[in-house]
Amino acid sequence: MMNFRVGQGWDRHPLQKGRRCILGGVHFEESPVGPLGHSDGDAMVHALIDALLGAAGLGDIGEHFPDTDSRYSGVDSLDLLTVAWKTVTEKGFTFGNADCTIICEQPKISPRKSAMREKMATVLGIDSELINIKATRGEGLGPEGRGECVTALATVLLSTGKIS
Ligand code: MG
């Protein structure tokens, strides 16, 4: 019998001038701002990790990778995704799909959507068509609209059987 599990993830990081900008595992070298964090600050990958852990009933990213642990200082978040996904698959789960949203003024996400899908899908060993990325802006409202932060959301479907 097929058993479906849904999970959601949300993350937000401040955007700082001159900070290296990595989102969805992709380096936005042209961006004047980048997400500040203990790791590389990749809010998109962090939201995806939380959605995967949530769907699998495995808690949250902070339990698995505490930001008080110096091992995770400046870490590539795709490496965290690799570890988290291994934990999820060890529980017998198969990837269904992910739908993601990124909210920020900078950098411009749209031209890099497919690169981000490829990066994250490669880590998960899945077809990039199973990950959708949507980009939107805060329209001047809230911290995203003022360009102070990047916020990312992810919804993931897992199953214990194969989804055709
Ligand atoms: Mg984070």
Side-chain angles (χ1 to χ4, degrees), residues 5-89 93 95 97-110 112-113 115-124 126 131-138 141-158:
R5 300 283 292 267
V6 69
Q8 54 104 3
W10 181 97
D11 196 31
R12 171 185 275 173
H13 282 259
L15 287 170
Q16 192 181 68
K17 258 196 191 117
R19 169 96 177 168
R20 208 161 84 102
C21 186
I22 309 278
L23 287 168
V26 172
H27 184 201
F28 290 71
E29 56 278 320
E30 76 286 0
S31 180
V33 295
L36 189 62
H38 182 67
S39 64
D40 59 10
D42 192 334
M44 182 63 266
V45 169
H46 296 175
L48 182 62
I49 290 172
D50 255 351
L52 288 165
L53 293 173
L58 288 167
D60 64 38
I61 189 170
E63 293 171 34
H64 292 259
F65 313 107
D67 64 7
T68 49
D69 191 330
S70 60
R71 280 182 301 167
Y72 305 125
S73 175
V75 74
D76 181 342
S77 292
L78 289 177
D79 291 343
L80 305 183
L81 180 60
T82 302
V83 175
W85 180 232
K86 186 170 182 284
T87 312
V88 169
T89 53
F93 288 106
F95 193 87
N97 74 300
D99 187 26
C100 308
T101 303
I102 304 174
I103 311 156
C104 61
E105 292 299 307
Q106 292 186 96
K108 197 163 169 43
I109 300 294
S110 292
R112 304 292 183 82
K113 278 179 182 169
M116 296 165 88
R117 292 166 71 181
E118 283 293 336
K119 279 274 185 190
M120 296 192 288
T122 298
V123 170
L124 301 174
I126 57 160
I131 301 180
N132 186 65
I133 295 178
K134 308 187 297 294
T136 186
R137 298 170 57 197
L141 297 171
E144 295 89 357
R146 290 191 296 269
E148 295 168 2
C149 70
V150 53
T151 297
L153 303 95
T155 301
V156 161
L157 185 73
L158 300 177

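Just so you know, these numbers come straight off a predicted model, no measurement behind them. Values below: all heavy atoms of this structure, side chains included; hydrogens, waters and symmetry mates excluded. Counting starts at 1 for both ligands and their atoms, in listed order.
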Report the distance from atom NE2 of H64 to atom CG of L53, rounding to the nearest 0.5 Å. 4.5 Å
Give me the one residue out of L157, L52, T89 that meets side-chain contact (heavy atoms from CB on, under 4.5 Å) with F95.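 That would be L52; it is the only one of L157, L52, T89 passing the side-chain contact (heavy atoms from CB on, under 4.5 Å) with F95.
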When you measure from the centre of the six-membered ring of F28, is the NZ or CZ of R112 under 6.0 Å away and within 45° of the axis? yes
Please check if any side-chain donor atom of S77 sits under 3.5 Å from a side-chain acceptor atom of D40, or the reverse.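 A donor-acceptor contact under 3.5 Å links the two side chains.
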H46 and D11 side chains, donor-acceptor separation under 3.5 Å: yes
Could you walk me through whether E30 and K108 pass the salt bridge (charged side-chain N to carboxylate O under 4.0 Å, His left out) test, one step at a time? CA-CA 10 Å; E30 76 286 0; K108 197 163 169 43; over 6 Å; no
Taking the Mg ion (ligand 1) as the centre, how many protein N/O/S atoms fall inside a distance shorter than 2.8 Å?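 Those protein atoms number 3 in total.
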